[in-house]
Amino acid sequence: MKGFFSLPAVQNEPVLPYAPGDPARKALEAELHRLRATTVDIPMYIGAERVYTQDKRPINPPHDHRHLLGHYSRGTKVHFEQAVAAALAAKPAWEALSWEHRASIFLKAADLMATKYRPLMNASTMLAQAKTAHQSEIDAVCELVDFLRYNVQYMAEIYRNQPASAPGMWNRLEYRPLEGFVFALTPFNFTSIAGNLPMSPALMGNTVVWKPAESQVYSAQVILDIYLEAGLPAGVINLVYGSGAEMGEVFFGHPEFAGLHFTGSTGVFQNLWKTIGENLPRYRSYPRIVGETGGKDFIVAHPSAQVDALAVAMVRGAFEFQGQKCSAASRVYLPKSLADAVLARVVADLKTIKMGPVEDFSNFVSAVIDKKAFEKITAYIDQAKQDPSVTVVAGGNYDGSTGYYIEPTVLLTTNPASVTMCEEIFGPVLTVFVYDDAEWEATLRLVDQTSPYALTGALFAQDRYAIEAASHALRNCAGNFYINDKPTGAVVNQQPFGGARGSGTNDKAGSLWNLIRWTSPRAIKETFVPPVDYRYPFLG
């Protein structure tokens, strides 16, 4: 059966509150208890096979690193070569499948995540990535469900975009998948990103090899199991774990490498781009490179800003999920006239915040992801304590004995070029610089020039002239710009996400601009009555 199919109506998935006594909270608590009492053995997924190896790596909660959730099997070059072969073998049937059937698979996956597997999606993310119930809900369920549902809408919108046809002909655009396989390389901090990066190319008819961050394997397996239950054929998305260097050698050296979908650090992305460039003569086609990387995200306040709204944005924007968001606020510029009041409110709020395991729903923050991150972040704090231009306003303490706990830390600096104002820390550290009210325009230039990144930023002001001036002055230093709101929390179909400069290719996850990168359009012109004489009228 053929047809132009109307898609189900879609809206953003509602965020459940998990308030005391809420049945959804009871179901989540039960699932947390079940998972903590279960030890898993996670395989790689290569074609139709579940592949186990002798190289077993432990999975431990960041907030309780002595507890064992299970193990996963780490692969070798042989497995990565097998994954590429499986992706290429699955490609002919998958790209030939009618688009409505690809859509159906991922729409069903969205419904499974929003209903049957909602507690599992949240509990796996909470335990292995130390997210609170709220942070997990907005990420692992709502955002990923939104990606799935809205990406189907964007796919249809892309396919509907067709050229004009003059009399006597029919012009068409065919949106083909790329030739070859796509490599999806995903981060630990957002389960939704991990699920979206392999899914987006697959939705457009591509087959994928997916490497999640090894601190996110626990929830990655849940995602792929749900995709498979929804009907995803074997080999369309192949899930592997192991050495990035070995994978790079296999994937980037393969003539059928067609694209990279990446979220991670700027340094890694630049090295991958360099490797791809060096291998260009090997490839059948020029690979698509789509990446979202680092950020040194800012909040800048005008003297007309509202104190309480600004303070709450600082606390939420900097410290939710322990500051481990590429969009997290990490540098703030306060006018002298407001600084004391704002900092007093921030300090007062931080005194009420509880830190601890995510199973205790009264905790606002938990542990950072692993020992490596803990040591990196605490080194920045220790260095700041030795800097005479820096004062610790709040926090500054840490303890890694049970979990990788770092207090939400606020630093006040007199040097706008101090280390923690300039370098990405990716942890619960917020640095504040106070400027003279008369230096507003100079401060805007400082915000723009301080960081090589351009991901997110927030402006707080009530003066509309100041808002317009700042919006223009800061137009290139944030791909997602917020006015009187924190610089985190982009919602699919509302704030397409991505930045430029050192923050990535700005291909906007949660929009058709990302999906269209995974297509290779073919223009088709059909002439109904072709000419049979070469002579043009002017020759008469």
Side-chain angles (χ1 to χ4, degrees), residues 40-53 55 70-113 116-117 120-121 124 144 147-148 151-152 155 176-186 191 194-212 214 216-242 247 250-251 254 256-261 518:
V40 297
D41 186 11
I42 296 178
M44 293 181 289
Y45 293 62
I46 300 175
E49 302 297 322
R50 305 291 192 272
V51 179
Y52 297 88
T53 70
D55 187 359
H71 295 86
Y72 65 91
S73 290
R74 212 164 187 262
T76 65
K77 286 178 64 175
V78 172
H79 299 108
F80 309 149
E81 290 165 353
Q82 292 171 347
V84 172
L88 294 175
K91 187 173 177 62
W94 179 245
E95 68 180 3
L97 187 68
S98 298
W99 73 268
E100 70 270 19
H101 293 289
R102 299 198 309 270
S104 293
I105 290 168
F106 291 112
L107 290 175
K108 181 176 181 178
D111 280 5
L112 287 170
M113 291 178 183
K116 177 181 179 182
Y117 292 116
L120 176 59
M121 289 290 296
S124 61
L144 184 49
F147 275 134
L148 288 160
N151 278 352
V152 169
M155 175 176 65
R176 305 166 298 178
L178 307 179
E179 283 193 281
F181 70 95
V182 173
F183 177 33
L185 186 55
T186 65
T191 300
N196 182 51
L197 265 56
M199 177 266 292
S200 297
L203 178 64
M204 304 309 291
N206 298 280
T207 52
V208 182
V209 179
W210 172 22
K211 178 194 182 302
E214 299 198 10
Q216 193 264 324
V217 167
Y218 194 67
S219 56
Q221 182 216 15
V222 173
I223 294 169
L224 189 54
D225 278 342
I226 294 173
Y227 287 169
L228 294 171
E229 182 175 332
L232 186 72
V236 173
I237 297 177
N238 302 273
L239 181 59
V240 293
Y241 328 116
M247 287 189 194
V250 172
F251 302 155
H254 200 289
E256 298 291 333
F257 171 67
L260 170 67
H261 205 186
W518 309 115

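- Looking at Trp210, its side chain never comes within 3.5 Å of a backbone N or O of Thr186 through a donor-acceptor pair.
- Shown here for Glu214 and Tyr241, the closest heavy-atom pair between the two residues is OE2-C, 4.3 Å.
- In terms of modelled atom types and a separation under 3.5 Å, the side chain of Ser73 and the main chain of Tyr52 share no donor-acceptor contact.
- Within the 4.5 Å cutoff, the side chain of Val240 has no heavy atoms near those of the Val51 side chain.
- Minimum heavy-atom separation, Gly242 to Lys211: O-CE, 3.2 Å.
- Using a 4.5 Å heavy-atom threshold, the side chains of Gln221 and Pro43 count as touching.
- Remark: Gln82 engages Ile46, Val78, His79 in a side chain to side chain contact (heavy atoms under 4.5 Å, CB included) (not counting sequence neighbours).
- A pairwise comparison of heavy atoms in Ile105 and Pro233 identifies CD1-CD, 4.1 Å as the closest pair.
- Rounded to the nearest 0.5 angstrom, Leu148 CG and Ile223 CD1 are separated by 9.0 Å.
- Phe147 has its side chain out of reach of Leu197: every pair of non-hydrogen atoms, C-beta onward, lies at least 4.5 Å apart.
- In this structure, CZ on Arg102 lies 13.0 Å from CE on Met199, to the nearest 0.5 angstrom.
- Annotation for Tyr227 and Ala109: closest pair CD2-CB, 3.8 Å, computed over non-hydrogen atoms.
- To the nearest 0.5 Å, the span separating CD on Gln216 from OG on Ser219 amounts to 3.5 Å.
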Subject >> Pair His254-Phe181, side-chain contact (heavy atoms from CB on, under 4.5 Å): steps then yes or no >> reply: CA-CA 10 Å; His254 200 289; Phe181 70 95; 4.0 Å; yes
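- For the pair Asp111 (side chain) and Lys108 (backbone), a donor-acceptor distance under 3.5 Å is absent.
- Considering only heavy atoms from C-beta on, Leu185 stays 4.5 Å or farther from Met247 through its side chain.
- Checked by atom type, the side-chain pair Glu229/Tyr117 shows a donor-acceptor distance below 3.5 Å.
- To the nearest 0.5 Å, atom CZ of residue Phe257 and atom CZ of residue Phe183 are 8.0 Å apart.
- Ser124 and Tyr218 get closest at one heavy-atom pair: O-CD2, 3.5 Å.
- Closest non-hydrogen pair, Val209 versus Ala87, comes out as CG2-CB, 4.2 Å.
- For the side chain to side chain contact (heavy atoms under 4.5 Å, CB included) test, residues two or more places apart in sequence or in another chain that qualify with Asp55 are Thr53, Arg57, Arg74.
- For Asn206, the side chain to side chain contact (heavy atoms under 4.5 Å, CB included) criterion is met by Lys91, Pro177, Leu178, Val182, Pro201, Met204, Trp518, not counting sequence neighbours.
- Listed for the Asn238 side chain is a donor-acceptor partner under 3.5 Å among the backbone atoms of Val208.
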**OP:** Before giving the answer on side-chain contact (heavy atoms from CB on, under 4.5 Å), spell out for Glu256 and Val84 the whole-Å C-alpha distance, their side-chain angles and the decisive distance to 0.1 Å.
**Re:** CA-CA 9 Å; Glu256 298 291 333; Val84 172; 5.8 Å; no
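- Once rounded to the nearest 0.5 Å, the distance linking CG of Asp225 with CZ of Arg50 reads 6.0 Å.
- Side-chain contact between Leu203 and Trp99 is absent, with no heavy atoms from C-beta onward closer than 4.5 Å.
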